[in-house]
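First up is the structure itself, then whatever we jot down about it.
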Amino acid sequence: MSFNEINAVENFVIHTMTGVNLNETNMAHEAQARYGAHWEYVPATALQREITEVLVETEVKKALVRLNPEIAAQPERADEVIYKLRSILLSVNSTGLVRANEEFAEWLKGNKTMPFGKNYAHVTVNLIDFKHIENNTFQLVNQFSIRNRETKRPDIVLFVNGFPLVVGEAKTAVRPAVSWLDGAADIHDGYENSVPELFVPNVFSFATEGKELYYGAVRTPLEFWAAWRVDDDENLSKMMGLGNVEKELKQLLSPWTLLDILYNFTTYTTNKKRQRTKIVCRYQQYEGANLIVERVLQNRIKRGLIWHFQGSGKSLLMLFAAQKLRKMPELKSPTVMIVVDRVDLDSQTQNVFKEAQNVMPTEDISTMNSYLENDSRYIIITTIFKFKEAKPNINLRENIIVMVDEAHRTQEGDLGQRMRAALPNAFFFGLTGTPINRSDHNTFWTFGAEEDTNGYMSRYSFEDALRDNTILPLHFEPRLLDIHIDKNSVDEQFAELSNSLDEDAKITLTKKAAKMLEFLKSPERIALVCQDIAQHYQEKVEPQGFKAMIVTPDREACHLYKQELGKYFPDSASAVVISTSGKGDDELKRLYSRTKDEQEKLIEKYNNPDSELKFLIVTAKLLTGFDSPILQTMYLDKSLKDHTLLQAICRTNRKFPNKTFGRIVDYFGVFDDAAKALEFDEDAMKKVITNLNSLIDELPKVMENNLSHFVGVDRTVEGFDGLQAAQEAIGTNEKRDAFAADYRQLSNIWESLSPDPALEPYREDYKWLSNVYQSVKPSGPDSLGKLLWLSLGAQTKKIMYDNIHAEGIHTDMEEVVLDETTVASLMANKDPKAAKRMEKELIKRFKKYSNIPKFVELSKRLEELRAKAEAGLISSIEFIKELCQIARETVQAEKQEEKIEVRKTGKEALTELFLELRTEDTPAVVGRIVADIDEIVKIVRFPGWQTTNAGEREVQKALRKTLLKYKLHKEEALFAKAYLYIKEYY
């Protein structure tokens with residue numbers, strides 16, 4: 001038996017979750033669900049529902065009666081609730097899927113009421129029992145058919161009390177190119193658009209090919225779907241395969257986890273485009289938050305440390321933990337405090353928490369003290385600095401939970417002691433994104449518990465984050481080595497500050513520091529650096545659509561850099577963001593002072609890909625807590641080390657469409673010794689950032705691997721024939737997938753380095769390989785292998801399309817349109833050249849209808865007319881008159897023929913055209929060309945496009961682009977004829 005989705009991975013999921021093996025049993029399964037905290041398998045055909053119904057309403061009614069005494073007393077009330085739920089399902093087309101999902105979630109979580117109480121008092125309506133989950137029904141259904149705009153059949157749907165909370169898609173594990181991403185695309189691009197009602201009650205969806213398990217909320221872009229891991233065995237967790245996916249499925253889809261995520265680990269927010277988005281936890285957030293909750297419930301250990309790498313979502317972890325803690329009745333309405341060490345982080349944290357209930361920011365010290373003195377039971381967001389006037393024992397309650405972000409004891413100083421003295425019985429949990437050195441014993445003393453292995457409760461490392469594609473890799477690029485600083489000497493001298501120097505020594509050291517800054521800010525040096533930044537940005541960053549940050553030595557340097565950068569970019573392209581609250585230059589305050597709202601608007605503008613703002617120029621602000629995925633390159637001209645350096649460079653590691661890495665361009669020489677720059681106890685930290693130039697060393701081998709797929713293929717043969725030979729060399733799915741995997745590695749290197757001169761020797765080979773890759777890339781929404789067959793990068797497209805110009809249709813071709821107007825024009829003008837063209841056109845038409853008697857007769861008449869003319873038996877005028885008469889009859893005969901001829905489809909017409917122009921042994925290639933043209937034309941066309949300049953231009957552009965993919969863009973006759981066919985059939 002051959003493997004496919006149904007008999008392999010899909011059955012594996014069913015067997016894992018229910019114990020039922022569909023390959024070994026034909027037993028009839030009951031539609032009646034059993035209670036209990038485990039999944040029961042039910043065939044889709046056994047559900048009591050119509051194909052258009054999303055809910056299994058028989059189960060919904062039973063749950064409403066079972067979980068609500070007021071409805072049990074009058075069961076007809078269940079129908080009133082179902083009417084409300086149906087209205088939300090129907091609203092999806094007007095309100096949007098995420099908003100409908102958010103409204104339905106409020107019902108699922110028991111946050112809605114109905115007037116079912118005494119004297120019509122409103123009482124809570126429970127759809128799910130979260131306290132005693134065994135009171136719910138859990139049904140797993142496969143091949144579930146649902147019809148709306150069209151009929152779709154997801155592989156797996158999980159129902160709780162008749163509500164479809166999870167949709168799953170299983171793909172074959174046999175073909176290497178097919179992955180979880182293809183299943184996720186089926187859900188995200190297909191089902192969510194075709195049957196959006198099915199996803200209104202959805203908690204999350206999942207996809208697997210048996211090697212990895214990924215999941216995502218409704219409308220979550222595919223690049224932000226997340227892996228679910230089980231880290232009970234560190235070695236196993238880094239492997240892929242059915243054994244590992246089985247563990248992950250059992251945990252993610254367990255009734256406890258599913259309902260926990262629905263109730264405590266889901267939030268909604270509004271993105272920068274004013275669109276509503278849904279967020280479900282990642283597995284490290286789920287683990288970390290639950291460990292905090294468990295420790296508080298046990299009330300035995302009063303502290304703990306969470307070490308999750310930069311960019312892994314610690315703010316959301318704190319939100320989920322706070323939400324769950326606040327909902328727990330046994331904690332008797334606790335106070336949760338979120339403490340950060342910077343104003344920037346305070347703003348970011350408030351943005352994350354703005355959707356949560358009972359959140360109170362602290363604008364000043366007195367407000368925070370008031371909350372604590374008055375025993376306020378809220379989620380309080382504050383900074384560590386607001387504790388400087390906190391009184392000892394200000395609140396002695398035990399159910400106060402403090403979570404400190406970026407928790408390093410060295411940053412707290414006396415403020416940390418004041419905080420602990422003010423809240424002596426509170427729980428203290430530290431969260432850090434940077435590694436903890438063993439030499440930094442204070443950090444462990446402050447937060448780490450002796451009972452925790454290695455001093456922390458939960459760890460999510462740099463390697464974990466890269467493996468899960470949570471963050472992007474970091475590369476540094478050394479620039480202008482002749483102006484680098486002697487950092488070792490500087491560090492040694494400044495280290496002396498911690499020694500007991502006399503006043504004279506301190507004055508000497510201060511002078512040295514002043515000279516260092518004077519050198520860094522010298523006009524010649526700044527001019528050189530800014531000139532290089534401008535060139536680098538225009539060549540490597542701007543073409544990709546990304547933005548940059550410039551880190552300078554101090555606030556004055558920020559101003560100087562902006563002035564110099566103005567020689568290369570308009571003033572609106574850069575903005576200085578510095579602190580202006582302290583003492584300092586009044587002129588800088590006048591130029592760059594902003595209110596909190598003004599700074600937020602500036603950041604919003606920077607995050608807009610279409611805005612002209614390209615650079616943020618900073619020295620300290622925004623180096624921590626600044627989350628801007630469009631930031632790809634940091635130009636670093638300041639001495640940073642260890643925690644501060646790691647926090648700064650990780651501003652560039654956030655994911656963004658088409659972004660494959662974060663880049664640090666090093667002008668100061670920070671990474672002259674990368675190992676010392678990030679000097680941590682963890683050896684893995686030395687791998688956090690790598691020299692971009694090291695990729696040059698990898699290039700020859702990677703290029704060799706790519707070319708090895710085409711041994712014997714002559715790469716000097718241009719056009720269609722050369723491309724066809726390459727395609728034949730990778731003629732099977734397995735060979736194409738293997739090539740795609742190697743090409744992806746090569747493309748990543750090329751996009752990272754371009755336009756480095758070191759690439760030039762490989763340019764032609766890379767261009768050839770890129771053309772081959774693009775020509776064999778599967779097309780269409782249902783094509784498989786999306787993880788391997790990705791879009792080409794900007795630098796690659798530039799190489800491929802160099803010297804290619806899209807031109808209009810040539811109008812000087814000898815093309816005759818045979819209609820009454822043409823015939824009348826010939827009769828009036830008696831043009832011999834026009835008559836000759838019409839004669840040729842008639843011969844072509846007669847060949848087309850060679851089996852139809854009427855056209856055979858007209859063909860004979862034309863041959864007789866030509867014979868008379870050649871023999872001199874008729875004059876040229878008489879020849880033209882008779883020719884026009886034959887042409888008129890031909891036009892009429894064609895009109896009659898069209899009435900009985902079955903009209904070709906556009907694809908059929910194009911296929912005929914291409915087969916005429918190619919040999920008979922290339923049908924597969926022709927099929928791909930035609931399919932690509934058919935698909936792209938259907939996308940760009942619109943009703944009446946043939947009558948508008950814009951419509952014709954878009955279709956011509958699409959056709960030219962597709963022909964370019966197959967190296968047919970220089971075939972002007974083919975382009976012209978194909979366009980005429982498209983104009984007629986589309």
field: Student check: side-chain heavy atoms of Phe163 and Phe104 closer than 4.5 Å
entry: yes

field: Arg219 and Gln275, any side-chain heavy atoms less than 4.5 Å apart
entry: no

- prompt: So how far is it from Glu53 CD to Thr58 OG1, rounded to the nearest 0.5 Å?
  reply: 9.0 Å

- request: Scan for salt bridge (charged side-chain N to carboxylate O under 4.0 Å, His left out) pairs involving residues 313-322, sequence neighbours excluded, and state none if there are none.
  value: Lys314-Glu406

Which donor-acceptor pairs under 3.5 Å do side chains of residues 116-127 form with protein atoms, sequence neighbours excluded?
residue: His122; atom: ND1; partner: Thr113; partner atom: OG1; Å: 3.0

- prompt: Among all residues two or more places apart in sequence or in another chain, which pass the salt bridge (charged side-chain N to carboxylate O under 4.0 Å, His left out) test with Arg326?
  reply: none

message: Salt bridge or not between Glu212 and Arg229? Use side-chain N to carboxylate O under 4.0 Å.
response: yes

- prompt: Minimum heavy-atom separation for Ser145 to Arg153, with atom names?
  reply: OG-NE, 3.0 Å

message: Checking His308 against Ser458: is there a side-chain donor and acceptor pair closer than 3.5 Å?
response: yes

task: Show your reasoning for whether side chain to side chain contact (heavy atoms under 4.5 Å, CB included) applies to Ile306 and Phe429.
output: CA-CA 7 Å; Ile306 304 287; Phe429 295 98; 5.6 Å; no

statement: By side chain to side chain donor-acceptor pair (under 3.5 Å), Asn469 pairs with (sequence neighbours left out) none

- request: Please examine the side chains of Thr151 and Ile51, heavy atoms only from C-beta on, and report whether any two atoms are closer than 4.5 Å.
  value: yes

field: With sequence neighbours excluded, residues passing side chain to side chain donor-acceptor pair (under 3.5 Å) with Thr16
entry: none

- request: Provide the closest heavy-atom pair for Pro329 versus Lys327 in the form atom of the first, atom of the second, distance.
  value: CD-O, 3.2 Å

message: Could you check whether Phe309 and Tyr460 have their ring centres less than 6.0 Å apart?
response: no

- request: Working to the nearest 0.5 Å, report the span between CD of Gln323 and CD1 of Ile379.
  value: 7.0 Å

message: As an exercise, state the distance from OG1 of Thr208 to CG of Leu213, rounded to the nearest 0.5 Å.
response: 5.5 Å

message: For residues 250-266, which residue pairs pass the salt bridge (charged side-chain N to carboxylate O under 4.0 Å, His left out) check, not counting sequence neighbours?
response: Glu246-Lys250, Asp260-Lys324

message: Please enumerate all residues that pass salt bridge (charged side-chain N to carboxylate O under 4.0 Å, His left out) together with Arg99, with sequence neighbours excluded.
response: none

field: N-O pairing of Arg49 and Glu57 below 4.0 Å
entry: no

field: Residues that Thr18 engages under side chain to side chain contact (heavy atoms under 4.5 Å, CB included), provided they are two or more places apart
entry: Ile14, Val20, Trp39, Tyr41, Leu140

task: Report yes if the side chains of Leu297 and Met328 come closer than 4.5 Å at any heavy-atom pair, otherwise no.
output: yes

query: Can you tell me if Lys655 uses its side chain to pair, donor with acceptor, with the backbone of Leu472 under 3.5 Å?
result: no

- prompt: Can Gln310 and Asn653 be counted as having a side-chain donor-acceptor contact under 3.5 angstrom?
  reply: no

- request: Evaluate side chain to side chain contact (heavy atoms under 4.5 Å, CB included) for His38 paired with Glu40, printing each intermediate quantity in order.
  value: CA-CA 7 Å; His38 57 273; Glu40 296 284 345; 2.9 Å; yes

message: I'd like to check Lys278 versus Thr220 (side-chain heavy atoms, cut-off strictly below 4.5 Å). Are they in contact?
response: no

statement: ring pair (Phe, Tyr, Trp, His ring centres under 6.0 Å) with Tyr215: of Tyr283, Phe206, Trp228, Phe224, only one passes, and it is Trp228

- prompt: Does the ring center of Phe159 lie less than 6.0 Å from the ring center of Phe144?
  reply: yes

query: Restricting to pairs with a member in residues 67-84, which pass side chain to side chain donor-acceptor pair (under 3.5 Å), not counting sequence neighbours?
result: Lys61-Asp79

message: If only side-chain N and O atoms count, and only distance matters, is there a donor-acceptor pair under 3.5 Å linking Arg377 with Thr335?
response: no

message: Is it true that Arg147 and Thr52 share a donor-acceptor pair across their side chains at a distance under 3.5 Å?
response: no

query: With side chains defined as the heavy atoms from C-beta onward, is the minimum distance between Glu192 and Ile187 less than 4.5 Å?
result: yes

- prompt: What is the minimum heavy-atom distance between Val293 and Ala321, and which atoms define it?
  reply: CG2-O, 4.2 Å

Nearest atoms (heavy-atom pairs only) where Ser194 meets Lys152: OG-CE, 3.4 Å

- prompt: Under 3.5 Å, is there a donor-acceptor pair between the Asp464 and Gln284 side chains?
  reply: no

field: CD on Gln285 to CG on Leu316, rounded to 0.5 Å
entry: 5.0 Å

- prompt: Can Glu59 and Gln48 be counted as having a side-chain donor-acceptor contact under 3.5 angstrom?
  reply: no

message: Between Glu248 and Asn244, is there a side-chain donor-acceptor contact under 3.5 Å, judged purely by atom types and distance?
response: yes

- request: Dump the intermediate steps for side chain to side chain contact (heavy atoms under 4.5 Å, CB included) on Phe199 and Ser205, then the final yes or no.
  value: CA-CA 9 Å; Phe199 294 87; Ser205 298; 3.6 Å; yes

- prompt: Sequence neighbours excluded, which residues qualify as salt bridge (charged side-chain N to carboxylate O under 4.0 Å, His left out) partners of Glu294?
  reply: none

field: Summary of ring pair (Phe, Tyr, Trp, His ring centres under 6.0 Å) pairs that have at least one residue in residues 256-278, sequence neighbours excluded
entry: Phe130-Tyr263, Phe265-Tyr286, Phe265-Phe320

query: Do the non-hydrogen side-chain atoms of Val359 and Ile381 ever get within less than 4.5 Å of each other?
result: yes

task: List in chain and number order the residues that pass side chain to side chain contact (heavy atoms under 4.5 Å, CB included) with Asn148, two or more places apart in sequence or in another chain; answer none if no residue qualifies.
output: Val195, Pro196, Glu197

- prompt: Looking at side-chain heavy atoms only, is the closest gap between Leu262 and Leu258 below 4.5 Å?
  reply: no

query: So how far is it from Leu67 CG to His132 NE2, rounded to the nearest 0.5 Å?
result: 11.0 Å

Test item: side-chain donor near acceptor, Asn136 and Asp129, under 3.5 Å: no

- line: Here the gap from Arg295 atom CZ to Ile401 atom CD1, rounded to the nearest 0.5 Å, amounts to 13.5 Å

For the student: nearest non-hydrogen atoms of Asn135 and Arg66, plus distance: O-NE, 2.8 Å

Salt bridge present between Asp186 and Lys171 (N-O < 4.0 angstrom): yes

query: Within the side chain of Asp155, is there an N or O that forms a donor-acceptor pair under 3.5 Å with the backbone of Glu10?
result: no

message: Looking only at side-chain N and O atoms, does Ser254 offer a donor or acceptor that is under 3.5 Å from a partner on Thr257?
response: yes

field: Minimum heavy-atom distance between Gly311 and Thr470, given as atom pair plus value
entry: O-CG2, 3.8 Å

query: Does the ring center of Tyr214 lie less than 6.0 Å from the ring center of Trp180?
result: yes

